[in-house]
Amino acid sequence: MPESFDSMLAELADAAGGSVALPDLAAVRRRAGQRTVRRRMTASAIAFALLCVTGVAGAAIDGRFGRPSGVNTASAPSGSSAGATGTPGSATPSPSATASSGAAEGTDGSFVGVWENSAARGGYLMVFPDGVVGLSETGGASLCYGRVSSGLTASQTAAVKAQDAANSTATAPASTSTSVPSVSASNSIVSPTPSSYTFALPFSAVECDGYGLSSGLALAKVNGESGLTLTLDSPSKASTTGYQASYARVLAISSGALSRATVLTQLVGDWTSISSAGKQTLRILKDGSVMYETAGGTIASTVDFGTIGAYYSVGARVLTGCTKTEALPYCGVLLIQPGASASEVTVYSGSGPATFTRTG
Amino acid sequence: MPDELDFDEFYTASFRRIVGQIYAMTGNLAEAEDSVQEAYARAWQRWKEVRGYGDPEAWIRTVAYRLSVSAWRKSVNRRTAHRRAATSPELPGLTPDHLVLVSALRRISAEQRRAIVLYHLVGLTLAEIAEETGNPVGTVKSHLSRGRKALAPLVSEFAEVGAGGPRRSGTDLAGEW
């Protein structure tokens, strides 16, 4: 008799299952997407609420214990210094013009940060506080190296020179495996900058030829409903057609949070990543020299040699040398981010972030 | 792309079956359909992880069941579900025996119903049910035993079980009860 019960139950379940229409798979995926959006909105709301609570608590503490006389609460958090060159009467305070203070915080409205192009073309754009720019190209290994080349004030230029000098010191390993010259550009981005500010990026390396680089690229900030985005304008040239792309920031970059010793302690060793992008290997030596190799997959097979030369809140930047004799001092850019555990790092290359695990 | 193909095949092959199972556990077809679809949406978000499990179908079933009995979710969807249920037609092809079975299943506790469906319909062993429900095997046995006893006066097939008889001939499961 229980066998009959099993049959009846099965018939009941079959009847129920058979009576529903199989929802379109696209509807399921759309639902998953909506769920992701809801989760992000919830997370944002929670973060905002925490921020508000922190602010209220801070205000309450201030009110309870009082502030030292003579301190202007409105200007207290400003990073401005003696070197600041704010426009008189401007509502936007000028940033510090001193590179050592890590003026270019990626959390503000500046260009600085790691940006992702969500459109079909895909790709990443990195803008560093010292004016170095990396732009990924479809199939490229490291990001194409570039520098901001126009629109800088005298103080910004001075800041960049100071940063370059610091980089130059940091990028002088006793390695014989690389011969990467130090950063020598005389311009940079120091945030915040006006929203209408436009930069030209003097790419000319052969690896980045797909961008129509000989005529330069321009970046502009757009504050849309979804937050700050950058638009990249690539002019057309004989071999390529121009295009415009939008980027959203996925990672903030700020200076001075990590030391060379701290970063190298975490990063020195051999690392491997195997993914749909192919097998990627990374070797980082004690002197900061780096070998980055890709084999097969969706990104070009290549070997890049470079040096860790700058350290930011998110990790270490690697500038790789040019494989052919070019006028530029560098050709590629990578960002290496230490992982939560000592056995993992995330490498932002031309194909985006990839997790590497320690193999040696 | 292989991930998508895997998911598509899995979804097409299993969706209706799991809706039937969740319906048997909850007695509400609209709720079952909605929670199963939500479970697939969640699976799609982490398909690489879910496909690595030994039995992705069990993952979907567990998530869908939890969703369907979630008090919070019920309170949020109560009005919608009520509208849906009010307009949804009766299941086609149900015999009077089936209607009696549906009615009987609704009268036992949710845990007992889940255990009975997993055992009699899905065909899981006691250990597998224990794993899927997160209960000790002894608790599963208890749910099954009490569920069958509760069903005995309502479903003639269980009359002898309610009196203490074995459930399934040819297996050693009767001894586990």
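Please read all numbers here as calculations on a predicted model, not as lab measurements. Reminder, nothing fancy here: chain letters follow the sequence lines and each chain counts from 1.
- By number of non-hydrogen pairs under 4.5 angstrom with chain A, the leading residue of B:Val122, B:Leu101, B:Val19 is B:Leu101.
- Inter-residue side-chain proximity for A:Val28 and B:Phe15 is flagged as unmet; no heavy-atom pair is nearer than 4.5 Å.
- Contacts of B:Glu33 with chain A are made by side-chain atoms alone, with heavy-atom separations under 4.5 Å and no backbone atom involved.
- Within a 6.0 Å sphere centred on CZ of A:Arg358, other residues, nucleotides and ligands contribute more than 12 heavy atoms.
- Nearest heavy-atom pair across B:Ala24 and A:Leu9 is CB-CD1, 4.4 Å.
- For the atom pair CG (A:Leu25) and CH2 (B:Trp44), the distance works out to 8.5 Å, reported to the nearest 0.5 Å.
- Side-chain contact between A:Leu22 and B:Tyr11 is present, with heavy atoms from C-beta onward closer than 4.5 Å.
- Atom CD of A:Glu11 sits in a crowded spot, with more than 12 heavy atoms from other residues, nucleotides or ligands closer than 6.0 Å.
- When all heavy atoms of A:Arg29 and B:Asp8 are compared, the pair lying nearest together is NH2-OD1, 2.5 Å.
- The part of B:Leu105 that comes within reach of chain A is its side chain, from C-beta onward, which places non-hydrogen atoms under 4.5 angstrom from that chain.
- When all heavy atoms of B:Gly20 and A:Ala16 are compared, the closest pair comes out as CA-CB, 4.2 Å.
- Residues B:Leu121 and A:Ala13 come closest through the heavy atom pair CD2-CB, 3.6 Å.
- Remark: the backbone N or O of A:Val20 is paired with a side-chain donor or acceptor of B:Arg16 at under 3.5 angstrom.
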